[in-house]
Amino acid sequence: MINVVILGGGFAGIRAGLTLKNKIKTEDIAVTLIDKNSSHIFTPSLYEVAAAEESEKNVVIPYVSILKGNFNFVQGVVEKINVFKQKILLDGNRQYAYDYLIYALGSESASFGIEGIKEYGLPMKTLEDAIKIKENLKNAKKIIIGGGGFSGTEFACELITHKGHLDITLIQGSSILLKELGGGVSLLAKKRLEEGNVHLILGKHIKKVTKDYVVVEGGKEFVYDVFVWTGGVRSNNLLGKIEVDEFLRVFNYKNVFAAGDVVIPGVAPKAEKMGEIAAENVLRSIQGESLLPFRYRHMGYVVPLGSHFATFAMGKYHISGIFAYMLQQLIFFRYLLTIVSFFEAIRRFIRFEKNLKKA
């Protein structure tokens with residue numbers, strides 16, 4: 001029996017699992033997915049859970065609904081990986097051996113050494129984070145968002161849509177929002193936030209955070225009730241700094257492949273493609289076949305900007321408004337179709353939209 005273990009049930013891990021599930025035609029290969037949660041979390045919608053008071057159940061898809069059939073799921077926190085003995089140590093002193101490993105434990109919020117971020121900043125990386133933010137917002141008046149990338153900008157737009165009474169300040173170290181896109185998209189996001197009375201502090205890095213205020217470059221202080229930190233992430237470092245070859249094989253370990261944010265934090269479609277290629281190469285390794293190189297063609301970004309409004313950007317080309325919002329919904333529905341049955345996807349999509357409109 002050959003044991004293949006996937007660590008992490010995010011976009012990369014789920015795609016790896018489904019690829020193996022669909023391609024393995026023998027009982028001689030056993031696949032186990034290990035994750036700390038019992039469900040796959042659709043993380044791109046966490047900002048909606050945090051800001052719109054939408055039910056968290058809409059972004060939670062149990063692994064048993066996705067990985068049905070001859071597939072093992074183990075819930076547990078990975079504490080250590082012994083690549084020499086090919087064993088994984090979980091909480092509760094549980095051990096799992098593997099012949100091939102797909103390392104896809106994702107990323108975590110990074111403080112970049114800024115004083116007070118860990119103690120007083122609320123990250124938005126997990127479902128628990130989003131729920132905690134939602135609870136803290138109930139009695140808050142002044143909100144500061146640290147970071148004007150995708151998460152920070154989307155969250156701020158969602159807040160002005162559903163919680164327009166709040167006093168919101170967004171602080172971004174770069175001189176523009178959504179610096180990955182720049183140009184017209186950045187200006188559009190800036191306009192949307194300013195029309196919603198969000199106070200933008202651009203081109204100023206956060207230097208310090210206390211339990212009452214945030215200090216930016218130049219010494220100016222901003223008082224807050226809730227401080228949400230979306231200023232950056234780092235790859236999970238349980239295996240140290242991960243370096244992979246063109247086949248997503250971890251250097252020095254022929255039977256360990258990595259996928260998703262552990263390689264480099266990025267967008268969900270890229271993580272999915274990594275998971276697919278990693279799984280394909282595990283099977284090819286088992287069968288003694290040549291490996292597939294990882295290639296990814298970026299198809300653009302869809303950025304939701306609140307109130308059924310979004311923008312789609314691919315290079316210099318972009319469209320904005322209701323059509324981009326509809327594209328965002330189609331992308332979400334298509335993703336559901338790839339991981340659950342057609343009727344389950346329909347049910348979840350309708351429930352998601354219905355509950356969102358009530359928020």
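A quick note: this is a predicted structure, and the numbers were derived from the prediction, not measured.
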Between [X] and [Y], is there shared hydrophobic-cluster membership here, with clusters defined by ILVMFWY side-chain heavy atoms closer than 4.5 Å?
| X | Y | value |
| --- | --- | --- |
| I102 | F251 | no |
| I176 | V185 | no |
| L101 | L89 | no |
| V228 | Y213 | no |
| V5 | M1 | no |

Shortest non-hydrogen contact from [X] toward [Y]:
| X | Y | result |
| --- | --- | --- |
| Y103 | L239 | OH-N, 3.4 Å |
| P265 | V233 | CB-CG2, 3.7 Å |
| L178 | S186 | O-OG, 3.4 Å |
| A259 | A278 | CB-CB, 4.3 Å |
| T338 | R15 | OG1-NH2, 2.9 Å |
| A104 | A12 | CB-CB, 4.1 Å |

Check whether [X] reaches the backbone of [Y] with its side chain - one donor and one acceptor, N or O, closer than 3.5 Å.
| X | Y | value |
| --- | --- | --- |
| Q172 | G148 | yes |
| N82 | K85 | yes |
| K207 | K204 | no |
| R234 | A110 | no |
| D35 | V74 | no |

Are [X] and [Y] packed together at the side-chain level, in the sense that at least one heavy-atom pair is separated by less than 4.5 angstrom?
| X | Y | result |
| --- | --- | --- |
| S45 | E48 | yes |
| N3 | T32 | no |
| F150 | P44 | no |
| V49 | V59 | yes |
| L67 | F73 | no |
| F294 | E246 | no |
| F332 | F349 | yes |
| F247 | L292 | no |

Legend entry - Y96: partners by ring-ring contact (aromatic ring centres under 6.0 Å, His included), with sequence neighbours left out: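 Expected list: none.
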
Legend entry - Qualifying residues under ring-ring contact (aromatic ring centres under 6.0 Å, His included), relative to F11, sequence neighbours excluded: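 With neighbours one apart ignored, the set is H40, F42, Y335.
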
Is it true that [X] and [Y] make a salt bridge, defined as a side-chain N closer than 4.0 Å to a carboxylate O?
| X | Y | value |
| --- | --- | --- |
| E195 | R192 | no |
| E108 | K125 | no |
| E344 | R348 | yes |
| E280 | K23 | yes |
| D167 | K142 | yes |

Legend entry - Result of checking E115, K220, K208 against V215 for side-chain contact (heavy atoms from CB on, under 4.5 Å):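 Exactly one option meets the side-chain contact (heavy atoms from CB on, under 4.5 Å) with V215, and it is K208.
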
Legend entry - side-chain contact (heavy atoms from CB on, under 4.5 Å) partner of Y100, the single match among V282, V31, L283: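 When side-chain contact (heavy atoms from CB on, under 4.5 Å) is applied between Y100 and each of V282, V31, L283, only V282 qualifies.
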
Could you check whether [Y] and [X], counting side-chain N and O atoms only, form a donor-acceptor pair closer than 3.5 Å?
| X | Y | result |
| --- | --- | --- |
| E158 | T161 | no |
| Q86 | N255 | yes |
| S151 | T230 | no |

Measure the [atom1]-[atom2] distance between [X] and [Y] for me, rounded to the nearest 0.5 Å.
| X | Y | atom1 | atom2 | result |
| --- | --- | --- | --- | --- |
| L305 | K191 | CG | NZ | 12.0 Å |
| H298 | K273 | NE2 | NZ | 15.0 Å |
| I66 | S39 | CD1 | OG | 8.0 Å |
| S285 | I2 | OG | CD1 | 10.5 Å |
| I41 | D129 | CD1 | CG | 11.0 Å |
| K254 | L291 | NZ | CG | 10.5 Å |

Legend entry - side chain to side chain contact (heavy atoms under 4.5 Å, CB included) between I81 and L7, intermediate numbers included: CA-CA 10 Å; I81 304 170; L7 295 183; 3.5 Å; yes

Heavy atoms of other groups near [X] [atom1], more than 12 under 6.0 Å:
| X | atom1 | value |
| --- | --- | --- |
| N93 | CG | no |
| L330 | CG | yes |
| E27 | CD | no |

For [X], the rest of its hydrophobic cluster, which grows through side-chain links under 4.5 angstrom:
| X | value |
| --- | --- |
| F312 | V302, M314, Y317, I319, L327, I331 |
| I117 | F112, I114, Y120, I144, I171, I201, I206, V209, V214, V216, F222, Y224, F227, W229 |
| V64 | none |

Legend entry - With sequence neighbours excluded, residues passing side chain to side chain contact (heavy atoms under 4.5 Å, CB included) with L200: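 For L200 the side chain to side chain contact (heavy atoms under 4.5 Å, CB included) partners, ignoring immediate neighbours, are L170, L177, K190, L193, E194, V198, L202.
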
Inset, instruction - Please assess L336 against I61 for the test side chain to side chain contact (heavy atoms under 4.5 Å, CB included), listing each intermediate value before the final yes or no. - result: CA-CA 10 Å; L336 289 176; I61 307 172; 3.8 Å; yes

Inset, instruction - Could you go through the side chain to side chain contact (heavy atoms under 4.5 Å, CB included) check for V226 and L122 one step at a time? - result: CA-CA 8 Å; V226 175; L122 298 179; 3.8 Å; yes

Inset, instruction - Would you check, one step at a time, whether the test side chain to side chain contact (heavy atoms under 4.5 Å, CB included) holds for H308 with I322? - result: CA-CA 6 Å; H308 297 88; I322 188 66; 4.3 Å; yes

Inset, instruction - Decide if the gap between the ring center of Y325 and the ring center of F309 is smaller than 6.0 angstrom. - result: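 Ring-ring flag for Y325/F309: false, centres at least 6.0 Å apart.
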
